[in-house]
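Report on one structure; see the data block that follows.
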2 protein chains.
Amino acid sequence: MFTTEKEYLKHYNVHDYDVPLVSVDIAIFTLLDGKLHILLVERGDFPEKGRWSLPGGFINQQQDKDLHATALRKLTEKTGVKTPHLEQVATIGNTKRDPRGWSVTALYMGLIPYAPTADFIETVADARWWPYEIAIKQNLAFDHIELVTQARERLRVKSGYTVLPVYVLNAPFTLTQLQQAFEELLGTEIEKKSFRRRIQAADLLEEVGEGLPEGGRGRIAALYRPKKGSEQHAFLRAFGGVED
Amino acid sequence: MFTTEKEYLKHYNVHDYDVPLVSVDIAIFTLLDGKLHILLVERGDFPEKGRWSLPGGFINQQQDKDLHATALRKLTEKTGVKTPHLEQVATIGNTKRDPRGWSVTALYMGLIPYAPTADFIETVADARWWPYEIAIKQNLAFDHIELVTQARERLRVKSGYTVLPVYVLNAPFTLTQLQQAFEELLGTEIEKKSFRRRIQAADLLEEVGEGLPEGGRGRIAALYRPKKGSEQHAFLRAFGGVED
DNA sequence: GCTTATTATTGGCGTATTGCCACTTAATTG
DNA sequence: CAATTAAGTGGCAATACGCCAATAATAAGC
């Protein structure tokens with residue numbers, strides 16, 4: 001859109017001030033080849049032109065009925081996925097995160113199953129999946145390294161007491177695939193029997209037949225998918241035992 | 001009205017251009033007579049004049065270096081408490097929450113010990129502690145009933161796996177007082193022995209002598225206060241057993 | 001077809017944690 | 001000094017977890 005910083009600054013001065021100066025940024029995670037990946041976009045404009053950053057942008061007051069809708073719109077634009085897991089992580093606002101001054105962004109975390117044929121990636125030339133460990137070594141735009149880190153931390157912690165990792169898998173999946181997703185997202189290994197006991201005690205999955213995972217060997221496994229309405233359910237016990 | 005151009009420009013900037021249209025609202029909770037209370041303020045201006053609402057307001061770009069500072073400033077203005085527990089709950093933005101159109105607010109939750117003499121309440125004529133159950137039956141301004149409910153829910157859930165209830169007590173306190181705070185904030189009863197085992201296993205409190213709570217009877221109790229740096233520590237086990 | 005390799009699933013047992021409840025200890029009250 | 005109140009502990013059954021080995025069911029190689 002702009003070819004020089006000077007041109008950008010000129011435009012910025014006459015910017016329309018009616019929109020609330022709140023942006024939405026989304027850390028979209030998936031699992032690819034067993035590794036956590038994150039979707040980054042290359043900035044086409046100043047400031048920070050050419051740097052990789054989280055997909056995001058401003059609220060469209062006509063289109064978006066709420067912040068969640070803004071995040072969902074941005075995510076869908078980049079990935080084509082219509083029903084991801086999408087949750088707010090935090091809202092960061094301070095004087096230092098943007099050279100232009102006080103700036104506020106609502107950070108969301110999105111989880112989607114990887115689409116092997118990656119149809120949608122073709123539609124956005126500037127977007128690319130990065131292995132998480134490589135992504136955080138990039139020199140990301142603005143304070144996006146901190147946003148990415150916060151979202152990753154939320155993902156890690158919440159994977160400890162919810163079924164979040166379910167949302168980076170294509171259903172149906174086997175318990176072993178699910179365990180590997182948990183392990184990658186948690187960053188620790190889990191003992192097989194303990195994992196299965198806890199997942200099954202939580203009663204958040206339903207069996208949908210059996211089969212072998214793509215190109216797999218060995219004994220056929222039971223296949224599962226998340227039960228409807230199991231979205232945010234914790235499966236760790238707090239005080240007072242099991243709730244009803 | 002303005003004596004220098006500089007002063008004028010500064011004023012112009014603040015009000016017509018550079019202010020992010022983001023407000024901050026705070027649900028401040030405390031424990032009074034064993035019951036959860038929330039601090040509400042009576043609105044002195046339109047819209048919603050005369051209704052009770054959460055304390056809050058806009059970012060002061062000169063004073064506040066970040067959103068947390070804005071929330072802390074608002075909280076201190078109303079309560080005088082300088083070192084509360086303060087955390088962000090969520091950010092709500094949509095077209096319906098304010099009759100004036102698209103509106104975004106960052107919701108914070110603050111926890112403070114009740115000040116029995118309530119010095120600070122005198123300083124703000126419009127602020128008052130309400131028992132939580134009564135507060136939510138008021139006809140609160142804007143969508144504040146939903147904000148209050150969200151903050152309450154965060155408080156409830158997080159009290160299940162952290163020591164949050166510590167922050168509504170004046171230290172030092174007895175384990176029984178702490179248990180009663182947990183029970184009120186969780187909304188469930190806790191078995192005494194289980195509670196003590198878990199709290200002590202978590203090792204987040206330090207003993208600071210013994211005594212009787214104000215006007216108490218019976219055997220003297222050990223008194224505790226939170227250890228430094230124990231703020232956000234969970235004390236429930238997740239996968240993989242105890243972390244180090 | 002038969003053996004080997006690979007993966008899924010279950011069994012079993014020692015240990016840690018929790019729920020439950022009664023008992024002991026130490027203070028106040030009258 | 002007895003009765004009352006509240007703190008703190010003991011003990012045990014039930015549950016959950018970590019560990020590891022046994023069994024089951026498939027593919028791959030010969």
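Just so it is clear: chains get the letters A, B, ... in the order the sequence lines come, proteins before strands, and each one is counted from 1. All values derive from a computational prediction rather than experimental measurement. Note: hydrogens, waters and symmetry copies are ignored here, and every other heavy atom, side chains too, is used.
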> Hey, is the side chain of Thr176(B) poking within less than 4.0 Å of OP1 or OP2 on dA7(D), counting only N and O atoms?
Replying inline: yes
> What integer distance in Å separates Leu223(B):CG from dG8(D):P?
Replying inline: 9 Å
> Which is true for Ala201(A) with a 4.0 Å heavy-atom rule: it touches a base, it touches only sugar-phosphate, or it touches nothing?
Replying inline: nothing
>> Can you see if the side chain of Arg196(A) gets near the phosphate of dT10(C) - specifically, an N or O under 4.0 Å from OP1 or OP2?
In response: no
>> Taking side-chain hydrogen bond (donor to acceptor under 3.5 Å, both in side chains) as the definition, give me every residue that meets it alongside Gln138(A), ordered by chain and number, with sequence neighbours left out.
In response: none
>> Without decimals, in angstroms, what is the distance between Leu178(B) CG and dA7(D) P?
In response: 12 Å
> Between Arg198(A) and dC17(D), is there a side-chain N or O to OP1/OP2 distance below 4.0 Å?
Replying inline: yes
> What integer distance in Å separates Ile199(A):CD1 from dT9(C):C1'?
Replying inline: 16 Å
> Residues in side-chain hydrogen bond (donor to acceptor under 3.5 Å, both in side chains) with Ser159(A), at least two apart?
Replying inline: none
> Can you name the side-chain contact (heavy atoms from CB on, under 4.5 Å) partners of Ala201(A), sequence neighbours left out?
Replying inline: none
> When you check the gap from the basic side-chain N to the acidic O, do Asp25(A) and Lys74(A) get nearer than 4.0 Å?
Replying inline: no
> Of all residues at least two apart in sequence or in a different chain, which pass the side-chain contact (heavy atoms from CB on, under 4.5 Å) check with Thr176(A)?
Replying inline: Thr174(A), Gln180(A), Arg196(A)
> Can you check the Gln177(A) CD to dT7(C) P distance for me, whole Å?
Replying inline: 12 Å
>> Over the length of the helix from dG1(C)-dC30(D) to dG30(C)-dC1(D), how much do the five-pair end axes diverge, rounded to 10 degrees?
In response: 0°
>> Among residues at least two apart in sequence or on other chains, which ones pass side-chain hydrogen bond (donor to acceptor under 3.5 Å, both in side chains) with Gln150(A)?
In response: none
Per-pair distances, 0.1 Å, donor-acceptor, side chain in residues 27-39 of chain B, under 3.5 Å, sequence neighbours excluded:
{"unit_1": "Thr30(B)", "atom_1": "OG1", "unit_2": "Ile112(B)", "atom_2": "O", "d": "2.5"}
{"unit_1": "Thr30(B)", "atom_1": "OG1", "unit_2": "Tyr114(B)", "atom_2": "N", "d": "3.0"}
{"unit_1": "His37(B)", "atom_1": "ND1", "unit_2": "Lys35(B)", "atom_2": "O", "d": "2.9"}

Would you tabulate the pairs of protein nitrogen or oxygen atoms and nucleotide nitrogen or oxygen atoms of nucleotides 19-29 of chain D closer than 3.5 angstrom?
{"unit_1": "dA24(D)", "atom_1": "O4'", "unit_2": "Arg219(A)", "atom_2": "NH1", "d": "3.4"}
{"unit_1": "dA24(D)", "atom_1": "N3", "unit_2": "Arg219(A)", "atom_2": "NH1", "d": "3.4"}
{"unit_1": "dA25(D)", "atom_1": "N3", "unit_2": "Arg219(A)", "atom_2": "N", "d": "3.4"}

> Tell me: CZ of Phe195(A) to P of dA8(C), nearest whole Å?
Replying inline: 12 Å
>> Tell me if a side-chain donor or acceptor on Arg154(B) pairs with a main-chain N or O of Val89(B) at a distance below 3.5 Å.
In response: yes
>> Without decimals, in angstroms, what is the distance between Gln179(B) CD and dA7(D) P?
In response: 9 Å
>> So, using side-chain hydrogen bond (donor to acceptor under 3.5 Å, both in side chains) as the criterion, who are the partners of Asn94(B) when residues are at least two apart?
In response: none
> What integer distance in Å separates Phe173(B):CZ from dA7(D):P?
Replying inline: 14 Å
